Amino acid sequence: MATRRSTLRVPSPFVLIWPDKHSFYAESIAAWTQRWTDGAMTANPQPMRQTDLPQQQDRLMGIVSRLQHILSPAPSPEPPLSVEPEPALGLAPEPELPAPPQGPWLNLGCGMDLREGWINIDLHEFHHPDIVADITNIVALADNYAGYALAQDILEHVPRDCCSTALREWNRVLKHDGLLEVRVPDVIALTRLLQEPERQTPEAQDVLLRCLFGTQRYNGDFHYNGFTEVSLIHALNDAGFEIARIDHHDEWLFQAIARKVAHRPPEALLRVDSDTAFVDQAYRDILHREADPGGRAHYLDKLASGIPREAVLASLRAAKE
């Protein structure tokens with residue numbers, strides 16, 4: 001993909017852009033506002049106290065403001081060769097982020113959020129990405145290729161055993177000092193929200209449970225993973241990244257930006273062509289022996305059922321031989 005030389009400022013990494021959905025949101029602001037109001041009245045059939053009115057109005061205006069912000073025109077950058085980052089929108093001043101190296105920008109697991117000038121990558125062809133690929137194995141991209149990668153609301157859709165593989169794959173395609181931005185659920189924040197007195201209705205609990213487990217309406221729309229601050233920092237560090245910034249978004253999401261400081265691609269064993277060759281080599285590398293027929297058949301059945309290769313490696317490493 002050709003890259004034209006340019007210098008521009010990074011749009012705030014905390015702004016969600018839906019360029020092909022503006023009309024949908026425009027038509028929905030009034031409807032969503034009314035639904036929120038109706039839900040509040042249903043959940044609280046008692047007459048609203050005068051002292052509660054300002055708080056309820058503030059919350060309502062916050063929702064309207066956020067929806068209107070989505071409609072605001074947003075820049076569509078071309079892949080940059082030099083970039084000056086802007087501070088995150090709406091947050092207190094933060095230490096300045098390091099500029100990413102020259103190279104394309106990747107939008108990993110883009111879904112409908114197709115960004116002009118970025119390389120949009122998604123598992124599903126019906127989203128019309130630039131590259132249709134499993135984001136844990138982007139074979140179309142070379143090592144040390146990109147300067148910036150965005151993984152917004154995607155890592156929780158990756159099975160837990162494959163989380164390290166995904167982060168290491170993103171490490172592989174980023175240049176040294178490249179920046180990775182991730183947004184993932186904070187499970188501790190969600191449990192706190194579930195306990196708040198004002199959220200003790202079936203409707204409010206259902207919203208939060210969908211945040212925790214995903215909407216589950218199509219293949220890939222399930223949450224397999226969640227994070228704490230400790231587990232997120234550990235996962236990024238283990239994959240060769242150094243945390244540059246970590247904040248909260250919408251009360252229940254971590255928004256983190258990390259810099260690649262070491263090249264740590266996924267295990268080469270995961271890329272072996274056939275499952276049989278993979279199992280046989282895993283036995284040699286981990287147990288230092290040839291696979292017995294029973295063990296080989298057991299793990300081949302697991303792989304055929306959809307269990308990821310990472311789970312097989314974890315099982316063999318846990319075996320006491």
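Bear in mind the structure is a predicted one, so any value in this text is a computation, not a measurement.
Using modelled atom types, one side-chain atom of Arg172 and one backbone atom of Leu141 make a donor-acceptor pair closer than 3.5 Å. Between the side chain of His223 and the backbone N or O of Glu156 there is no donor-acceptor pair closer than 3.5 Å. Side-chain atoms of Asp186 come within 3.5 Å of backbone N or O of Ile188 as a donor-acceptor pair. Judged purely by atom type and a 3.5 angstrom limit, Trp105 has no side-chain atom pairing as donor or acceptor with the backbone of Leu150. Put simply, the side chain of Asn120 never gets that close to the backbone of Asp130: no donor and acceptor are under 3.5 Å apart. Side chain of Arg309 to backbone of Val272: a donor-acceptor contact under 3.5 angstrom is found. Checking side-chain atoms of Arg296 against main-chain N and O of Glu290 turns up no donor-acceptor pair under 3.5 Å. One N or O on the side chain of Asn171 and one on the backbone of Ala262 form a donor-acceptor pair closer than 3.5 Å. The main-chain N or O of Leu194 is found under 3.5 Å from a side-chain atom of Gln205 such that the two form a donor-acceptor pair. A donor-acceptor pair is defined here as one N or O able to donate and one able to accept, closer than 3.5 Å; no such pair exists between the side chain of His176 and the backbone of His263.
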Checklist entry - Are Leu269 and Phe278 close enough, and set up right, to give a side chain to side chain contact (heavy atoms under 4.5 Å, CB included), and what steps lead you there? => result CA-CA 7 Å; Leu269 186 55; Phe278 163 74; 3.9 Å; yes
Checklist entry - Does the pair Ile135 and Glu169 meet the rule for a side chain to side chain contact (heavy atoms under 4.5 Å, CB included), with working shown? => result CA-CA 8 Å; Ile135 49 85; Glu169 177 69 357; over 6 Å; no
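For NE2 of His234, the number of neighbouring non-hydrogen atoms (other residues, nucleotides, ligands) closer than 6.0 Å is 12 at most. When the shell of 6.0 Å around CZ of Arg284 is examined, it contains more than 12 heavy atoms from other residues, nucleotides or ligands. No more than 12 heavy-atom neighbours from other residues, nucleotides or ligands sit within 6.0 angstrom of CG on Asp273. The environment of Glu196 atom CD is dense: over 12 non-hydrogen atoms of other residues, nucleotides or ligands sit within 6.0 angstrom. Arg271 CZ: more than 12 foreign heavy atoms inside a 6.0 Å radius.
At least one side-chain heavy atom of Cys163 sits under 4.5 Å from a side-chain heavy atom of Leu155. Put simply, the side chain of Phe227 does not reach to within 4.5 Å of the side chain of Ile233, judged on heavy atoms. Phe254 is listed as a side-chain neighbour of His248, based on a closest heavy-atom distance under 4.5 Å. Using a 4.5 Å heavy-atom cutoff, the side chains of Gln255 and Gln152 are in contact. Asp221 places none of its side-chain heavy atoms less than 4.5 Å from the side chain of Gln216. Taking 4.5 Å as the limit, some side-chain heavy atom of Leu180 sits within range of a side-chain heavy atom of Leu167. Cys110 places none of its side-chain heavy atoms less than 4.5 Å from the side chain of Arg115. With contacts defined as side-chain heavy-atom distances shorter than 4.5 Å, the pair Leu106/Ile138 does not qualify.
Taking CZ of Arg264 as the reference point, atom CZ of Phe241 lies at 10.0 Å (rounded to 0.5 Å). Taking CD from Glu267 and CG from Leu313, the interatomic distance works out to 5.5 Å, rounded to the nearest 0.5 Å. The distance from the NZ atom of Lys302 to the CG atom of Leu300 is 12.5 Å, given to the nearest 0.5 Å.
The two residues Pro129 and Val132 have their closest heavy-atom pair at CG-CG2, 3.8 Å. Shortest non-hydrogen contact noted between Leu108 and Ile154 is O-CG2, 4.1 Å. The minimum heavy-atom distance between Cys211 and Leu190, with the atom names listed, is CB-CD2, 3.9 Å. Heavy-atom minimum distance, Pro98 versus Ala244: CD-CB, 4.3 Å. The two residues Thr136 and Thr165 make their nearest non-hydrogen contact at O-CG2, 3.9 Å. For Tyr283 against Gly295, the heavy-atom pair with the smallest separation is OH-CA, 3.3 Å.
Leu209 and Trp252 fall within a single hydrophobic cluster, where Ile, Leu, Val, Met, Phe, Trp and Tyr are joined by side-chain heavy atoms under 4.5 Å apart, directly or via other members. Tracing side-chain contacts under 4.5 Å through hydrophobic residues (I, L, V, M, F, W, Y), one never reaches Val173 starting from Leu270; they form parts of separate clusters. Residues Ile131 and Tyr145 fall within the same hydrophobic cluster, defined by Ile, Leu, Val, Met, Phe, Trp and Tyr side chains chained together at heavy-atom separations under 4.5 Å.
Using bins of under 30°, 30° to 60° and over 60° for the plane-to-plane angle, the ring pair His124/His127 lands in the perpendicular bin.
A salt bridge links Asp238 with Arg168: at least one charged nitrogen is closer than 4.0 Å to a carboxylate oxygen. Between Asp177 and Lys175 there is no salt bridge, since no side-chain N of the basic residue sits under 4.0 Å from a carboxylate O of the acidic one.
Under the side-chain contact (heavy atoms from CB on, under 4.5 Å) rule, Tyr299 has a single partner from Asp280, Ile307, Leu316, which is Leu316.
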